[in-house]
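Here is the structure we will look at.
Since the structure is predicted, the reported quantities are computational estimates derived from the model, not experimental observations.
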Amino acid sequence: MEARLNMFESTVAKKVVQHLGSTNKAFTDAGLPTTVQELVKIRASQINGCGFCTDMHTKDAAKAGETSVRLNLIAAWREATVFTDAERAALELTEQGTRIADAAGGVSDEAWENAAKYYDEEQLAALASLIAVINAFNRLNVIIRQPAGDYEPGMFG
C-alpha cells in the first residue's frame with residue numbers, strides 16, 4: 001500500500017503536520033498525564049480506523065512503559081479493570097468527542113462533568129484540544145491512506 005500523498009514532500013502538508021504536532025507541548029504543560037494523552041490518541045485512532053496513528057501511539061506508549069495488557073484492552077476499556085477512573089473519564093470524553101456525528105447532542109454533560117472530577121480547567125482544555133487534534137491527524141492519514149506498520153518510536157524527532 002502506498003499513500004496517495006507524500007506528507008513529507010508536500011510543503012503545505014509538512015507545515016500543517018508541524019503545527020499540529022507542536023500542540024503536544026501545550027497538553028503536557030497543562031499537566032495532562034502522558035499516559036492519558038496516549039490512551040486518548042490510541043482510542044480516537046481506533047475509532048477512526050487510522051492504522052498509522054494506532055501504530056505510532058501504541059508503539060510510543062509501549063516504549064514509555066505502558067503494558068501490553070492495557071494496550072490490548074483500550075478498545076474494550078468499559079469492561080476492563082486495568083484503567084483508573086480518571087483514564088476512563090478521558091476515554092469516554094474521547095469516544096463522544098470523536099463520534100460527534102453519532103449523537104445528536106454531541107458530548108454529553110455527564111461525560112464532561114465526570115471528566116471534570118479528575119481534571120482541572122487547564123487539563124480539560126488540553127484534553128478537549130487533544131481529542132480535536134488527534135481526530136485531525138486521523139482524518140488526514142485516512143484521507144491520504146497513509147500505510148501503517150513501519151513506525152519506529154522517535155522517528156519524527
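Side-chain contact between Glu152 and Asp150: absent, with no pair of heavy atoms (C-beta onward) separated by less than 4.5 Å. Phe156 has its side chain within reach of Met56: a pair of non-hydrogen atoms, C-beta onward, lies under 4.5 Å apart. Residues Ile134 and His57 are in side-chain contact: their nearest non-hydrogen atoms beyond the backbone lie under 4.5 Å apart. Residues Tyr119 and Val36 form a side-chain contact, since some pair of their non-hydrogen atoms from C-beta on lies under 4.5 Å apart. Two residues are said to be in side-chain contact when any heavy atoms from C-beta on lie closer than 4.5 Å; Thr35 and Arg70 meet this criterion.
With respect to the salt-bridge test (charged N to carboxylate O, under 4.0 angstrom), the residues Arg78 and Glu92 qualify.
In this structure a side-chain-to-backbone donor-acceptor pair under 3.5 Å is present from Ser22 to His19. Without hydrogens or angle criteria, Thr23 side chain to Leu20 main chain gives a donor-acceptor distance under 3.5 Å.
Summarising the local packing, CG of Asp102 is surrounded by more than 12 heavy atoms from other residues, nucleotides or ligands at distances under 6.0 Å.
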* Decide salt bridge (Lys or Arg N to Asp or Glu O under 4.0 Å) for Glu2 and Arg145; before the verdict, give the C-alpha distance in whole Å, the side-chain angles of both, and the deciding distance to 0.1 Å. => CA-CA 7 Å; Glu2 191 172 310; Arg145 291 189 181 157; over 6 Å; no
* To do: Walk me through it: do Arg43 and Glu95 pass the test salt bridge (Lys or Arg N to Asp or Glu O under 4.0 Å)?
  => CA-CA 7 Å; Arg43 186 64 190 125; Glu95 287 195 3; 2.8 Å; yes
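Nearest heavy atoms, Ala61 versus Glu38: CB-CB, 4.0 Å.
Evaluated for a side-chain hydrogen bond (donor to acceptor under 3.5 Å, both in side chains) with Tyr151, the options Thr58, Asp55, Asp60, Thr54 yield exactly one hit, Asp60.
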